[in-house]
*Asks:* 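My questions will all concern the structure given below.
Reminder, nothing fancy here: chain letters follow the sequence lines and each chain counts from 1.
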Amino acid sequence: MAANKPIPPKPLSFPGGIHPAKDGKSLTEKKAVVAAPLFDRYVVQISQNVGAPPKLVVKVGDAVKKGDLLAEASGFVSVPLHAPTSGVISAVGDAPGPMGTLVPAVYLDADGRDEWTANRMAPLDWRTAEPAELKNRVRDAGIVGMGGAAFPTHVKLSPPPDKKIDTVILNGAECEPYLTADHRLMLEQPEKVLVGAAVMARALGVENIFIGVEKNKPDAIDKLNELAGKYGVKVVGLKVQYPQGSEKQLIYALTGRCVPEGGLPMDAGCVVQNVATAAAVCDAVESGVPLIERITTVTGTPLAAPGNFLVRIGTPVIRLVELAGGVTEEPRKLILGGPMMGFAQRSFEVPVAKNSSGVLLLAASEIVQYDSAGCMRCGMCLRGCPMHLSPGPLSMLIENEKFDLAAQNHVMDCLECGACAYACPAHRPLVQHMRRAKAEIRKRAKK
Amino acid sequence: MNTILIAALVCGVIALVSGLVIGVASKLFAVPSDPRVDLVIGLLPGANCGGCGKAGCADFAKSVVAGENPPNKCPVSSAEQISAIAHALGIEAGSSFKQVAVVLCGGDLNQARQHTLYNGVYDCVSAAMVAGGPKSCSYGCFGMGSCARSCPFGAIEIINNLAVVHPEVCVGCGTCVATCPRHLIKLVPAEAKVHIFCSSPLKGPEKKKVCSVPCLGCRKCVKAGAEGQFTVEGVKVSVNYDTGENGLPGEDVVAAAGCPTGCLMTVAKHLETEYAELAEAKKETENGRK
């Protein structure tokens, strides 16, 4: 299949994938976004983007205003970090990070006044602004991919000159079970999403803009369709299939193009952004607001009142749990992100980062402890894999530490979406095997 | 009868001719090999552990004969073996001291709290990628035995979810040091019998929450020991293995210091007494239940 050649009609889906029978979205999909109150302390992790961590510019005792710079970008693949509210820096030190280890963070004690900084960025008229100006604004606002990857958005908007980009795709699929933050965003602030899309299209100089939304959100599709014509955006309903929101699957579903092995979306002439990222871009351009808050779904059956909240970056998860009415049942597991690709957390003190789309609590009754068995060659994982890999045989290679053979069998193409592990009747920890192999192969390549 | 004779004759002739060809070829195409390399290979332990940085013992023997490496680069060979190699080659042996590995963590199942249930891949490297594994301490031993499986000499044992090194079996090749995802294993001089079995850089109270044998950084051991026997980095205290004039701390320091948690202990204690007893008791109760 040649790249850059649309194949009509659009597939609107992709081969493989799974659909969890109980997707948990009904817990929060009808709950309107509620702005979280101001808390007394925020813990802002310094490294919240893929690439170089930003360089700290404040010290203990400094008074900062909302939107003031906490850390500045330290390279091209790096974004600055801003204060979520006004207050005093009480400490700079370690805080529990999303991966279970301690990570450097800034502790900000709020003064309760929530005053804006004097150096707030001026609003831009995106219809007349230069593309370079828009890209700089996106970078200065500290915007990263808010769907989970935390890749700096301005880098995606600056493709190398030899790559021809002709399509901007917004990811409104929200295929992760339980999460409804993007759904509510599209429903309540469709204008922001569409403006953000138009801004990014202008920054890239392309006309073709798609928003892919899974068909289980018909209200969001209708809402976007009402306004989409004004911004030249095409809203497309997609089949409900996990992982529809993955870049490569989304590109295939919307354009019929395939991203080559080891390639990036730009190799297929596309730039994919999350809808939340688009809304943040709109805020940055139209009102000069840096990325200091985001919509996060706080959900799970142990919570008394799960919902969608507009929270400041750096809010400890424990505050969000309190905000959602506290727990009625002892939670057994805390996951940052969705249940498929999110990370189990060690501590409720872990703060919300720019890419935290959800906080999920699971009760003991919802967690099954199982022992994994040997592969029975049933092939369920092959049917589930959206990347046409063979997770079962790969896992056996990796168990025997045959990493070179695993690399030959394209383990590096694994998305870690978890469809194979979900499908496996033997409960094999397939994704964990893949992750280990990928880490090991990367380590060896570095040597 | 005739058939058998012919068959025997044909086979005999083929054998003779090919024998001749091989004989001539071995003389004609002989590759001159250094007899000293074979000699050194014979004197090396032959474990092919890679501790010297070479691909194996044969590779190391070549480099010794070529003069690239001194014989004492082999961490496995004892001083006598090294001097034998040096004597055979007529070169300087170089000073050598035996090193052994030690796992600087004392948090087994009874000491370190378990934070989560973990039912993923039973391997430390894999566990490190999932929220830092099941133990509450983010700096402690996983006890899933990646090091034990990597050890070419079988010197590491997992007792009650804690890796311990048997110093009499360990040869100090350093394979486990490279394997441990938490970097808890250190190569130390074989004479060092006392260690601080904690590698966490956290503050005392934080550690106390998750483990009953942490180093609290009270420095009682620093005061009890002679000067230069311990090094202090922030909160973390560790034994100074670069032996100064006062040497390494001995068992008398353990008694004199009275470590409040007991993380300053001898290798023997780490290995056997209390821990092994507890493991044994646990096994017995389990058997009793069955």
*Asks:* Heavy-atom pairs under 4.5 Å with chain B - which of A:R428, A:Q432, A:K333, A:E401 has more of them than the others?
*Replies:*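 Maximum pair count with chain B is reached by A:Q432.
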
*Asks:* Within the 3.5 Å criterion, strictly below it, is a donor on B:S136 or A:R346 matched to an acceptor on the partner's side chain?
*Replies:*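 A:R346 and B:S136 do not have a side-chain donor-acceptor pair below 3.5 Å.
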
*Asks:* I'd like to know if B:K62 pairs up with B:E68 as an ion pair, taking the criterion as any Lys NZ or Arg NE/NH1/NH2 lying under 4.0 Å from an Asp or Glu carboxylate oxygen.
*Replies:* no

*Asks:* B:H195: which residues meet the ring pair (Phe, Tyr, Trp, His ring centres under 6.0 Å) condition with it, sequence neighbours left out?
*Replies:*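 Scan of B:H195 (ring pair (Phe, Tyr, Trp, His ring centres under 6.0 Å), adjacent residues dropped) gives B:F197, B:Y241.
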
*Asks:* Which pairs of donor and acceptor atoms, one on a side chain in residues 144-158 of chain B, lie under 3.5 Å apart (sequence neighbours left out)?
*Replies:*
| from | atom 1 | to | atom 2 | distance (Å) |
| --- | --- | --- | --- | --- |
| B:S146 | OG | B:D123 | OD1 | 3.0 |
| B:S146 | OG | B:C124 | N | 3.0 |
| B:R149 | NH1 | B:M144 | O | 3.2 |
| B:R149 | NH2 | B:Y122 | O | 3.3 |
| B:R149 | NH2 | B:M144 | O | 3.3 |
| B:S150 | OG | B:C147 | O | 2.9 |
| B:S150 | OG | B:T179 | OG1 | 3.2 |
| B:E157 | OE1 | B:H166 | NE2 | 2.6 |

*Asks:* Need one label for B:V125: side chain, backbone, both or neither, based on atoms under 4.5 Å from any heavy atom in chain A.
*Replies:* side chain

*Asks:* Mind ranking A:E440, A:E399, A:R435 by heavy-atom pairs under 4.5 Å with chain B and telling me who comes out on top?
*Replies:* A:R435

*Asks:* Is a donor on one side and an acceptor on the other found under 3.5 Å between the side chain of B:Y118 and the backbone of B:V121?
*Replies:* yes

*Asks:* Measure A:R332 against the heavy atoms of chain B and call it side chain, backbone, both or neither at under 4.5 Å.
*Replies:*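 Contact with chain B: side chain only.
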
*Asks:* Does any heavy atom of chain A fall under 4.5 Å from the side chain of B:K203, the backbone, both, or neither of them?
*Replies:* neither

